[in-house]
Engineer: 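Take a look at the following structure, please.
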Amino acid sequence: MSKGITKREEDYSQWYLDVVLKAEMAEYSPVRGCMVIRPTGYGIWEKMQQRLDRMFKETGHVNAYFPLFIPESFLKKEAEHVEGFAPECAMVTHGGGKRLEEPMAIRPTSETIIWATYKNWIKSYRDLPLLINQWANVCRWEMRTRLFLRTCEFLWQEGHTAHATHEEAEEEALRMVDVYRQFAEEYMAMPVVVGRKTESEKFAGAEHTYCIEAMMQDGKALQAGTSHHLGQKFARAFDVKFQDRDKELKYVYATSWGVSTRLIGGMIMTHSDDKGLVIPPKLAPTPVVFVPIWHSDEEMNMVLGKAREITTGWDPLFFKIDDRDQYKPGYKFNEWELKGVPVRIEIGPKDVNNSTVVVARRDTGDKATVPMDGLLTHVEAALESIQKNLYSAAQKRLQERTFTVDNYDEYTERVEGGGFFRVFLDHANPAVEEKLQEDTRSTIRCIPFNAPDEEGPCMITGKPCSGRVIAAQSY
RNA sequence: CGGGGCGUAGCGCAGCCCGGUUAGCGCGCCUGCUUUGGGAGCAGGAGGCCGAGAGUUCAAAUCUCUCCGCCCCGACCA
C-alpha cells in the first residue's frame, strides 16, 4: 500500500495534508501562512486557467492587469467593503526607505482599484458593457491556514464588469456562476449546488452573492466559486457615471466573480483516495505515463524504442515515458498512482512480442491488456470513461449525503457527521445564523436555485419560511 | 488572540527527566556490483553551529530565563 499516507477514515484532514505534500502539489514556505505551489500542483492550476480563460473569452470577456498595491483611501470608499476587508489586509507602510504618506494595502480583491480606473474608461452607454477579467494573486491575512484551502496569499481570477442596467448586471452575475458550475462539473468532475448566499455570508460590498458549493468526501461543504451582483455601490463610491441614450447621467451596475487555487483543494478532496492523488483527466497536465519494463540493456533499448514508436505523432504534452533507470517498475507504479496520473501504460518484453500493452486506470485500478494497434483511441476512451466515472461517483455521494431534516435537535445531532441538510431556516434573520453557528459550527451554505416550492416553519424560530436552504459544516 | 504541541543531517525521529567519550537510527542522497511485470539486495561513503541569545557549571542537545519560528484545536474567512 501507499507509504506514509494516512487513511481517510483514520484522519481525513491529515490524509489531505499527506496527499498534498507527498504528491508534491505544494509545501509550506518559510513565510507564515504562505505556500509554495510545486510544479505538479501548478500544472493543474494551469490546466484550470486554460479552460476557464477560454470560457471567459467565449462569454465576451478580455484580460487585463491592475496593480497589486491599493491606496488605503480607495479601500475606505465603500463602507461595507472596508468593514469586511480591513481586518485581513496586509498594509505597506514603507517604501524606498521612507514612511509612505499614505499606506497601501496589498490587494485582498481589486474592486476599488478597478473602479477607480473604470471611472476614466466609462463615459457613455456605448462603453458598456465593460467585461474584464484579471488573473492575479491576492493577500488576506488569515488566522488559520491550510494548504490550497486557505492561505494568506493565493492565486485566482477576478472578473469585474460594468453594465448599463440592473437587469444586465444580474444576467452577468448569473451567467458567470453558471460558467463556474459548468467548469466544476465538466472539467473538475465535481458536482455542485448552485444558489445564493445569505446576507451574512455574502461578499462585503455586494447586493447579493451567487455561489457554487461542493461536497467533499467527508461531507463538508466547500465554497468553490462566487459571483456577485454589486449593484451601484462601487459606482457610487467611485463616481462612475455614464450618459445614457436618454441623455441622463446614470451610475453603472457592477458584478465581480472569482475562483481560486482553492479549487485544487476541492479537486483533491473530491476524488483522491488512500493511494494518493486522483486527477480528473481533463485537468491532468500529463494524462498518460508509460512505465517500460526491461531486464537487460538490450531489452531496454527494444522496449523504449517500441514505446517511442507507438507514440510517434502523439501530442508530447499528452504522455510521458518514464525511462528512469534508478527505479524499478513497481516503484514507478506507486509513484504515479500517488501523483494521480489518470492512465498508466506498462510495456515490457512480453508486450513487445505480443504487440500489446497493459493499460491501468487510476480511478478503479483496473488493468487491461490491449493491442498496440489503435492504442490512442483506446486510451482516449479510457480517459473519457474515467472522467465520467469520477463525476458520477461524486454525484452519487452528493445525493446520498443530502438529507432533508425538519427538527432542530435531529439536525444538531446529525450535522456533525457531515452532509448537506435541506432545512427550513429564517435566513433573513441574522440571529438565526448566529445561533446555528454557535450550536453546531455549521452555516447556511446557500439558498439553492432549483429548489422545490415548499413551505415550513423555521427550525429555530418557528417562523414560516418558503423554500429550504442548504446548511452544512464547511471548510 | 486564547488552549495544546514541536524545533537535533534533505525528510521522519531517538537522545533531554537523571549534564560527562567521537550525537545516534530509519528513509533519502553519492560510488560500485547484482537487480527490474507492484515500493530490490549487498558493500562502501558524504552529510550536524542540536531554532537564536543569555545564564548556571570544570563540562550543556540535555538544567534556567528570554526571544524567534512553525504546526494542531477554538473566534474571522475564497
Side-chain angles (χ1 to χ4, degrees), chain A residues 1-5 11 13-14 17-18 21-22 24 27-35 83-89 108-109 137-158 180 197 200-204 206 209 211-214 221-228 256-266 275-276 291-297 299-300 303 322-338 344-354 356-358 360 365 367 369 434 437-438 441 443 445 474-475:
Chain A
M1 268 322 261
S2 331
K3 279 187 183 168
I5 295 189
D11 183 344
S13 77
Q14 188 58 48
L17 257 173
D18 287 350
L21 295 172
K22 300 248 158 77
E24 299 181 348
E27 63 186 32
Y28 295 106
S29 73
V31 185
R32 191 199 80 98
C34 296
M35 64 175 169
E83 198 187 320
F85 281 106
E88 44 184 322
C89 274
T109 179
N137 57 341
V138 286
C139 180
R140 298 179 188 178
W141 212 260
E142 299 291 347
M143 304 293 185
R144 263 190 69 198
T145 58
R146 302 190 70 187
L147 295 174
F148 287 118
L149 300 176
R150 181 168 300 107
T151 48
C152 289
E153 183 195 7
F154 57 94
L155 306 182
W156 78 346
Q157 63 59 224
E158 44 181 329
Y180 290 155
K197 284 289 181 191
S200 57
E201 293 277 327
K202 75 175 189 187
F203 176 75
T209 290
C211 64
I212 54 172
E213 293 282 326
L222 183 79
Q223 179 172 309
T226 49
S227 177
H228 319 290
S256 68
W257 28 271
V259 296
S260 72
T261 38
R262 171 181 255 198
L263 286 178
I264 298 172
K275 287 199 269 186
V291 176
I293 296 147
W294 62 74
H295 299 81
S296 60
D297 283 2
E299 280 184 350
M300 178 180 79
V303 168
D322 185 354
D323 59 2
R324 291 174 299 174
D325 195 21
Q326 69 268 41
Y327 298 114
K328 290 174 56 169
Y331 180 93
K332 294 178 183 178
F333 295 168
N334 285 288
E335 179 177 341
W336 292 117
E337 279 166 7
L338 171 61
R344 178 182 73 241
I345 297 176
E346 304 168 16
I347 175 168
K350 287 182 227 161
D351 300 297
V352 174
N353 287 332
N354 298 333
T356 58
V357 295
V358 173
K367 283 191 188 190
T369 303
E434 252 171 63
Q437 177 132 26
E438 252 173 54
R441 284 189 294 133
T443 48
R445 300 315 303 158
S474 69
Y475 279 100

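So that the names make sense, note that chain A is the first sequence line, chain B the second, and so on, each numbered from 1.
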Engineer: Take the protein atom OH of A:Tyr331 and the nucleotide atom P of B:G28, then report the distance between them rounded to whole Å.
Structural biologist: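 Result: 8 Å.
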Engineer: Can any side-chain N or O of A:Lys22 pair as donor or acceptor with the backbone N or O of A:Ile5 at less than 3.5 Å?
Structural biologist: no
Engineer: Does A:His295 offer a backbone N or O that forms a donor-acceptor pair with the side chain of A:Glu299 under 3.5 Å?
Structural biologist: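 Side chain of A:Glu299 to backbone of A:His295: a pair is present.
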Engineer: Could you tell me how far apart A:Leu17 (CG) and B:C73 (C1') are, to the nearest whole angstrom?
Structural biologist: 14 Å
Engineer: Could you give the CD-to-P distance, from A:Gln326 to B:C29, as a whole number of Å?
Structural biologist: 8 Å
Engineer: Answer with base, sugar-phosphate or nothing: what part of the nucleic acid does A:Glu337 contact at a heavy-atom distance below 4.0 Å?
Structural biologist: base
Engineer: Mind checking the C1' distance from B:G48 to B:G10? Whole angstroms is fine.
Structural biologist: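 It works out to 12 Å between them.
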Engineer: Tell me whether the OP1 or OP2 atom of B:G37 has a side-chain N or O from A:Lys328 closer than 4.0 Å.
Structural biologist: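 Checking A:Lys328 against B:G37: at least one side-chain N or O falls below 4.0 Å of OP1 or OP2.
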Engineer: Checking all strands, does A:Thr209 fall into the base, sugar-phosphate, or nothing category for heavy-atom contacts under 4.0 angstrom?
Structural biologist: nothing
Engineer: Among B:G37, B:G39, B:G38, which nucleotide has an atom closest to any side-chain atom of A:Pro349?
Structural biologist: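 Of the options given, the side chain of A:Pro349 lies nearest B:G37.
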Engineer: From the set B:C76, B:C29, B:G38, return the single nucleotide nearest to any side-chain atom of A:Tyr327.
Structural biologist: B:C29
Engineer: Say we look at B:U66 and B:G26: how far apart would their C1' atoms be, to the nearest angstrom?
Structural biologist: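 Per the computed distance, 35 Å lies between those C1' atoms.
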Engineer: Can you check the distance between B:C71 and B:C13, where both ends of the measurement are the P atom (answer in whole Å)?
Structural biologist: 15 Å
Engineer: Whom does B:G69 pair with, Watson-Crick or G-U wobble, provided both distances fall under 3.5 Å?
Structural biologist: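 B:C6 - that is the nucleotide pairing with B:G69, both distances being under 3.5 Å.
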Engineer: With P as the reference atom in both, quote the distance from B:G5 to B:A52 in angstrom, rounded to an integer.
Structural biologist: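 Going atom to atom, P in each nucleotide, I get 22 Å.
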Engineer: Rounded to whole Å, how long is the line connecting atom CZ of A:Arg324 with atom C1' of B:C29?
Structural biologist: 15 Å
Engineer: Quick check, are the ring centers of A:Tyr327 and A:Phe333 under 6.0 angstrom apart?
Structural biologist: no
Engineer: Given that both distances must come in under 3.5 Å, which nucleotide forms a Watson-Crick or G-U wobble pair with B:A40?
Structural biologist: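 Here B:A40 is engaged in a pair, and the nucleotide opposite it is B:U34.
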Engineer: Answer yes or no: are there more than 12 heavy-atom neighbours, outside A:Glu27 itself, under 6.0 Å from its atom CD?
Structural biologist: yes
Engineer: Between B:C1 and B:C67, how far apart are the two P atoms, rounded to whole Å?
Structural biologist: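 One P to the other, the span is 12 Å.
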Engineer: To the nearest Å, give me how far apart NZ (A:Lys22) and C1' (B:G28) are.
Structural biologist: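 For the pair A:Lys22 NZ and B:G28 C1', the rounded distance is 13 Å.
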Engineer: Just the rounded figure in Å: distance from P of B:C27 to CG of A:Asp18.
Structural biologist: 20 Å
Engineer: Taking only the side-chain nitrogens and oxygens of A:Arg144, find out if one of them lies under 4.0 Å from OP1 or OP2 of B:C76.
Structural biologist: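 Answer no for this pair, as no side-chain N or O of A:Arg144 is under 4.0 Å from OP1 or OP2.
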Engineer: Over all strands shown, is A:Tyr28 touching base, sugar-phosphate only, or nothing at heavy-atom distances under 4.0 angstrom?
Structural biologist: sugar-phosphate
Engineer: With a 3.5 Å limit on both atom pairs, tell me what B:C1 is paired to, counting Watson-Crick and G-U wobble, or say none.
Structural biologist: B:G74
Engineer: Tell whether A:Lys367 reaches the base of B:G38 with its side chain through a donor-acceptor pair below 3.5 angstrom.
Structural biologist: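 Yes.
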Engineer: Name the pairing partner of B:C49, where a pair is Watson-Crick or G-U wobble with both distances under 3.5 Å, or state none.
Structural biologist: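 Result: none.
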Engineer: Please report the distance separating the C1' of B:C6 from the corresponding atom of B:G45, rounded so that it comes out in whole Å.
Structural biologist: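 Here B:C6 and B:G45 have their C1' atoms 32 Å from each other.
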Engineer: Classify the nucleic acid contact of A:Leu149 as base, sugar-phosphate or nothing, counting any heavy atom under 4.0 Å across all strands shown.
Structural biologist: base
Engineer: For A:Gly33 and for A:Tyr475, find the nucleotide of RNA chain B with the closest heavy atom, then tell me which residue's nucleotide is more 5'.
Structural biologist: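 Result: A:Gly33.
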Engineer: Rounded to the nearest 0.5 Å, what separates atom CG in A:Leu147 from atom SG in A:Cys34?
Structural biologist: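 So the gap between those two atoms works out to 11.0 Å.
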Engineer: Is there a Watson-Crick or G-U wobble partner for B:A14 with both distances under 3.5 Å, and which nucleotide is it?
Structural biologist: none
Engineer: Specify the separation, in whole Å, of atom CZ of A:Arg146 and atom C1' of B:G74.
Structural biologist: 14 Å
Engineer: Whole-Å distance between B:G10 C1' and A:Leu21 CG?
Structural biologist: 15 Å
Engineer: Between B:G38, B:U36, B:C71, which nucleotide has the shortest distance from any of its atoms to the side chain of A:Pro329?
Structural biologist: B:U36
Engineer: Checking base pairs now: Watson-Crick or wobble, both atom distances under 3.5 Å. What partners B:U64?
Structural biologist: B:A54
Engineer: Considering every strand and a 4.0 Å limit on heavy-atom distances, what is the contact class for A:Lys332: base, sugar-phosphate, or nothing?
Structural biologist: nothing
Engineer: Return the 5'-most residue of the pair A:Val358, A:Ser200 with respect to RNA chain B, ranking by each residue's nearest nucleotide.
Structural biologist: A:Val358
Engineer: With a 4.0 Å cut-off on heavy atoms, is A:Lys197 in touch with a base, just the backbone sugar-phosphate, or nothing at all?
Structural biologist: nothing
Engineer: Closer than 3.5 angstrom, by distance alone: can the side chain of A:Thr209 be matched with the main-chain N or O of A:Lys197 as a donor-acceptor pair?
Structural biologist: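 No, A:Thr209 side chain to A:Lys197 backbone: no donor-acceptor pair under 3.5 Å.
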Engineer: For atom P, what is the distance between B:A23 and B:C29, given to the nearest Å?
Structural biologist: 26 Å
Engineer: Considering every strand and a 4.0 Å limit on heavy-atom distances, what is the contact class for A:Gln223: base, sugar-phosphate, or nothing?
Structural biologist: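 The residue A:Gln223 makes sugar-phosphate contact but no base contact.
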Engineer: Taking B:G15 as the reference, what is the distance to B:U31 when you measure between their P atoms (whole Å, please)?
Structural biologist: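 One P to the other, the span is 35 Å.
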Engineer: Kindly say whether A:Gln223 contributes a backbone atom to a donor-acceptor pair with the side chain of A:Tyr475 at under 3.5 angstrom?
Structural biologist: no
Engineer: Between A:Arg344 and A:Ala360 (side chain of the first, backbone of the second, donor and acceptor by atom type, cut-off under 3.5 Å), is there such a pair?
Structural biologist: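 Checking the backbone N and O of A:Ala360 against the side chain of A:Arg344, no donor-acceptor pair under 3.5 Å is found.
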Engineer: Answer with base, sugar-phosphate or nothing: what part of the nucleic acid does A:Arg441 contact at a heavy-atom distance below 4.0 Å?
Structural biologist: sugar-phosphate
